[in-house]
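What follows is a single structure, written as structure tokens, with notes after it.
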Amino acid sequence: MSKSSTTAPGPAAQVPGQGGSSAKPVAAPRLVRQRRRRPGLIALSVALIAAGGLSGAVLYAASGQRSAVVVVSRDVPVGSLIAKEDLAQASIALDPAVKSVKASQTDTLIGQRAAVDLRAGNLLSPAQVTRKTLVGPGDQVVGVSVKPSQLPATKLTPGQRVLVVSTPDPDAVAAETPAQPGTPKTLSATVIEVGAPAVGTGNVVIDVAVPAKSGPDLAARVATGNVAVIVDARGGN
């Protein structure tokens, strides 16, 4: 009984099917070096991203915050009393530097006077209203009734300074000579209120404030109907 042995191919063994040529060595697989992780850098990146997102959220919330404020719903001339119908409320986003009146303070504005001309649609600021009265200490209020021809075409407003001029009596004019013309008597006054024109005649009654010592004299002159009202440019408005 014969023994057979199997010999393992050595380095010089040939691969079947390649003839007599020597086999090429197989290259060893390359080892990919893994990058070293840096936990500190990763944590810093996450913190920066979170901070940026939080800042954006805060800015968005601040820019979108709206406040209920008072706006002017219709024109109000300077010096006029403010009525409830003159005001409205609006919800808008405001810069902190903008001065405004909160909607909750609307009732406190009614009965005050406009310190400037208020225009419909504008935001109302505290400086645009005042509690000061147009009738000063020691003044009297006199109603001056005049015809349309005795008034300027310019609309009079409360707080405006005017001159009440005594127009000459026709009989007195006839008695005067050119060498001795009459000098009109004038009185400075402050407009308090302007009434609506009377139906048919168009006559208007204007309440004016004058010094108490001049009140009776002005009322007597107004009773004759021989007065006119002119705007005193030196008094402003």
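You'll find the side chain of Leu151 stays beyond 4.5 Å of the side chain of Ile230, heavy atoms only. Looking only at side-chain heavy atoms (C-beta outward), Thr157 and Val194 stay at 4.5 Å or farther from each other. With a 4.5 Å cut-off on side-chain heavy atoms, Ser188 and Val210 do not count as touching.
Scanning both residues, Ala209 and Leu134, for their nearest heavy atoms gives CB-O, 4.4 Å. The two residues Lys99 and Ser125 make their nearest non-hydrogen contact at O-CB, 3.7 Å. Minimum interatomic distance between Val71 and Ala90 (heavy atoms only, all atoms of both residues): CG1-CB, 4.0 Å. Residues Ser145 and Asn203 come closest through the heavy atom pair OG-CB, 4.5 Å.
Formation of a donor-acceptor pair under 3.5 Å by the Ser73 side chain with backbone atoms of Glu85 is found in this model.
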Start with the C-alpha gap between Ile92 and Val69, add the side-chain angles, then the distance that decides, and say whether side-chain contact (heavy atoms from CB on, under 4.5 Å) holds. CA-CA 8 Å; Ile92 57 178; Val69 296; 3.8 Å; yes

CA sep, side-chain torsions, deciding dist, call: Ile206, Val146, side-chain contact (heavy atoms from CB on, under 4.5 Å): CA-CA 8 Å; Ile206 305 170; Val146 289; 4.3 Å; yes

Apply side-chain hydrogen bond (donor to acceptor under 3.5 Å, both in side chains) to Arg113 and Thr130, showing your working. CA-CA 5 Å; Arg113 291 187 181 275; Thr130 180; over 6 Å; no

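Other cluster members for Leu109: Val70, Val72, Val76, Ile82, Leu87, Val101, Val116, Leu118, Leu124, Val129, joined by side-chain heavy-atom distances under 4.5 Å among Ile, Leu, Val, Met, Phe, Trp and Tyr.
Listed by first then second residue, pairs satisfying salt bridge (charged side-chain N to carboxylate O under 4.0 Å, His left out) with a partner in residues 185-211 read Lys185-Asp217, not counting sequence neighbours.
Val227 and Val141 fall into different hydrophobic clusters, where Ile, Leu, Val, Met, Phe, Trp and Tyr side chains are chained together by heavy-atom contacts under 4.5 Å.
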